[in-house]
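Below you'll find the structure, written out as structure tokens, and then a few comments.
Every value quoted in this text rests on a predicted model; they were computed, and no experiment measured them.
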Amino acid sequence: MSSNESRYETFTLERATPTIGAFIHGLDLRDEITPQCQTELRTAFLEHEVLFLRDQHLEPEDQLRFAKVFGDPQEVSAFFPSLPGNPFIEVLESRGRAAGTDVWHSDLTWQATPNSATCLHAQDIPPCGGDTLWSSMTAAYDALPETMKNLIDGLEAVHDWEKELTGVVRQGDDGEARYEETRRKYPPMTHPVVRKHPETGRRLVYVNELFTSRISGVPPQLSDSLRNMLTGLAKTPEYQVRFRWEPNSLVIWDNRSTQHYAVGDYHPHYRRMHRVTLRGDRPA
């Protein structure tokens, strides 16, 4: 298949890799997004799992309008500050040493209904470094031997946030109270090891190194072996795409079917992003 696909009428799509990711050309998201364009964007999103758009000089309202093409935005969580006056946009600031982002993961899998998608708009970018990688867990599942698929289909895994996010939650004068409140609100959560995508119907590996603590219902040694093998799948280059950020780059990815890794190699330089997350459903 050609790296350029001509079946889209409202924009030009260029594959980033044969497996995952696509660049969208020919759109200025400050303009109205027509119904036809919305349909084509959703089609491209489900097929390629990550969409990249360069040179999008957007106001927060523009980013939010674009994100709504793919689902319903959810209000900012307790872990990151919101943009003043906009409770749906998180401000992510880092100097390359943000806890947990440089580990393969899907966002919020420790919740009952993890977000379906994430939309990130680059505000301030370091002079070099700070790339983000995504890995297709759909491709990872498809490549597994049938014997392994048969073994893991029907298993469940426990996801929790405490190992990686306790330090973040405990920051500030009210950190201990916030930590206790978060523990009550978000106890460990169980999800299927193999998830069926609610829109495409495709099966995918739903286990990640950052938040998956163990495989349920199997002996500890087998749990550790399966967890290590399954979380390691995201590290396979053939399932990955790597993106170099530029100011005003916009990316939206399917948080259900991908994992991502934010490279923390830009210390002491500063990076700031605006993030919108979209509501998801219970993995099944």
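- Of the possible donor and acceptor atoms, none in the side chain of H260 sits under 3.5 Å from a partner among the backbone N and O of D107.
- Minimum interatomic distance between S106 and Q259 (heavy atoms only, all atoms of both residues): OG-CG, 3.5 Å.
- Each of D28, L29, V251 was scored for a side-chain contact (heavy atoms from CB on, under 4.5 Å) with L53, with one residue passing: L29.
- A salt bridge between R65 and D62 is present, with a side-chain N of the basic residue lying under 4.0 Å from a carboxylate O of the acidic one.
- Residues S94 and H267 are not in side-chain contact: their nearest non-hydrogen atoms beyond the backbone lie 4.5 Å or more apart.
- Counting heavy-atom neighbours within 6.0 Å of R214 CZ, excluding the residue itself, gives a total of 12 or less.
- Atom CD of residue E90 and atom OG1 of residue T118 lie 8.5 Å apart, to the nearest 0.5 angstrom.
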request  = Could you please spell out the steps behind the side chain to side chain donor-acceptor pair (under 3.5 Å) verdict for N255 and N115?
outcome  = CA-CA 7 Å; N255 190 58; N115 59 296; 3.3 Å; yes
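- Here the straight-line distance linking atom NE2 of H159 with atom CG of L108 works out to 12.0 Å at 0.5 Å rounding.
- Taking 4.5 Å as the limit, every side-chain heavy atom of S213 sits out of range of all side-chain heavy atoms of R227.
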side-chain contact (heavy atoms from CB on, under 4.5 Å) between H274 and R272, worked out = CA-CA 7 Å; H274 286 174; R272 179 169 61 96; 3.4 Å; yes
task = Start with the C-alpha gap between N208 and T109, add the side-chain angles, then the distance that decides, and say whether side chain to side chain donor-acceptor pair (under 3.5 Å) holds.
result = CA-CA 9 Å; N208 70 87; T109 62; 3.2 Å; yes
task = Would you please test L151 and M148 for side-chain contact (heavy atoms from CB on, under 4.5 Å) and show each step?
result = CA-CA 5 Å; L151 174 63; M148 180 57 66; 4.0 Å; yes
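- I89 is connected to L250 through a chain of hydrophobic side-chain contacts under 4.5 Å among Ile, Leu, Val, Met, Phe, Trp and Tyr, so both are in one cluster.
- Of the possible polar contacts, one joining the S225 side chain to the Q221 backbone as a donor-acceptor pair under 3.5 Å is found.
- Residues L133 and W104 are in side-chain contact: their nearest non-hydrogen atoms beyond the backbone lie under 4.5 Å apart.
- L210 is not connected to L204 by any chain of hydrophobic side-chain contacts under 4.5 Å among Ile, Leu, Val, Met, Phe, Trp and Tyr, and they are in different clusters.
- Q36 CD to F11 CZ: the interatomic distance, rounded to the nearest 0.5 Å, is 9.5 Å.
- Taking the six-membered ring where the residue is Trp, H105 and F211 present perpendicular rings, their angle passing 60° and hence far from 30°.
- With ring centers used as reference points, F70 lies under 6.0 Å from F66.
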inquiry  = Run R54 and S249 through side chain to side chain donor-acceptor pair (under 3.5 Å) and show every step you take.
reply    = CA-CA 5 Å; R54 298 282 193 193; S249 294; 3.1 Å; yes
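- M189 contributes atom CE, which lies 11.5 Å from atom CD of E156 (distance to the nearest 0.5 angstrom).
- Closest approach of S216 to L155, counting heavy atoms only: O-CD2, 4.4 Å.
- When all heavy atoms are compared, the tightest approach of P87 to S82 is CA-CB, 4.2 Å.
- Note on L64 and L41: same hydrophobic cluster, where clusters join Ile, Leu, Val, Met, Phe, Trp and Tyr whose side-chain heavy atoms are under 4.5 Å apart, directly or indirectly.
- Here the closest heavy-atom approach between residue D265 and residue G130 is recorded as OD1-N, 2.7 Å.
- In this structure, OG1 in T132 is found 7.0 Å from CG in L120, a value given to the nearest 0.5 Å.
- The shortest distance between side-chain heavy atoms of V207 and I152 does not fall below 4.5 Å.
- Electrostatic pairing of E199 and R42 does not count as a salt bridge here, judged by no charged N lying under 4.0 Å from a carboxylate O.
- In summary, R195 and D153 do not engage in a salt bridge, as defined by a charged side-chain N under 4.0 Å from a carboxylate O.
- Shown here is K149, whose NZ atom has more than 12 heavy atoms of other residues, nucleotides or ligands within 6.0 Å.
- Salt bridge status for E75 with R279: absent, with no side-chain N to carboxylate O gap under 4.0 Å.
- Closest approach of H197 to S257, counting heavy atoms only: CD2-CB, 4.0 Å.
- By the criterion of side-chain heavy atoms lying less than 4.5 angstrom apart, applied directly or through intervening Ile, Leu, Val, Met, Phe, Trp or Tyr residues, V158 is not grouped with I215; the two fall into different hydrophobic clusters.
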ask   = Could you go step by step and tell me if V193 and L230 meet the side-chain contact (heavy atoms from CB on, under 4.5 Å) rule?
value = CA-CA 9 Å; V193 168; L230 294 172; 3.7 Å; yes
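- With respect to F52, the ring pair (Phe, Tyr, Trp, His ring centres under 6.0 Å) criterion is satisfied by exactly one of F45, F243, W253: F243.
- Nearest approach of P268 to R95, heavy atoms of both residues: O-NH1, 2.9 Å.
- For the pair E246/I125, no side-chain contact is recorded, criterion being any heavy-atom separation below 4.5 Å from C-beta on.
- Looking only at side-chain heavy atoms (C-beta outward), Y261 and K235 stay at 4.5 Å or farther from each other.
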request  = Decide yes or no on side-chain contact (heavy atoms from CB on, under 4.5 Å) for L13 and I24, but give the supporting numbers first.
outcome  = CA-CA 5 Å; L13 184 143; I24 302 296; 3.8 Å; yes
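- Distance check, rounded to the nearest 0.5 Å: CD of E49 to OG1 of T200 gives 8.0 Å.
- For the 3.5 Å distance criterion, the side chains of S116 and R256 fail to qualify, holding no donor opposite an acceptor.
- Remark: D142 engages R202 in a salt bridge, criterion side-chain N to carboxylate O under 4.0 Å.
- Under a hydrophobic clustering in which Ile, Leu, Val, Met, Phe, Trp and Tyr are joined whenever their side-chain heavy atoms come within less than 4.5 Å, directly or via other members, L46 and Y239 fall into different clusters.
- No donor-acceptor pair closer than 3.5 Å links the side chain of Q123 to the backbone N or O of N248.
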key: side chain to side chain donor-acceptor pair (under 3.5 Å) between T43 and Y8, worked out   = CA-CA 10 Å; T43 298; Y8 297 99; 5.8 Å; no
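- Inter-residue side-chain proximity for L278 and D72 is flagged as unmet; no heavy-atom pair is nearer than 4.5 Å.
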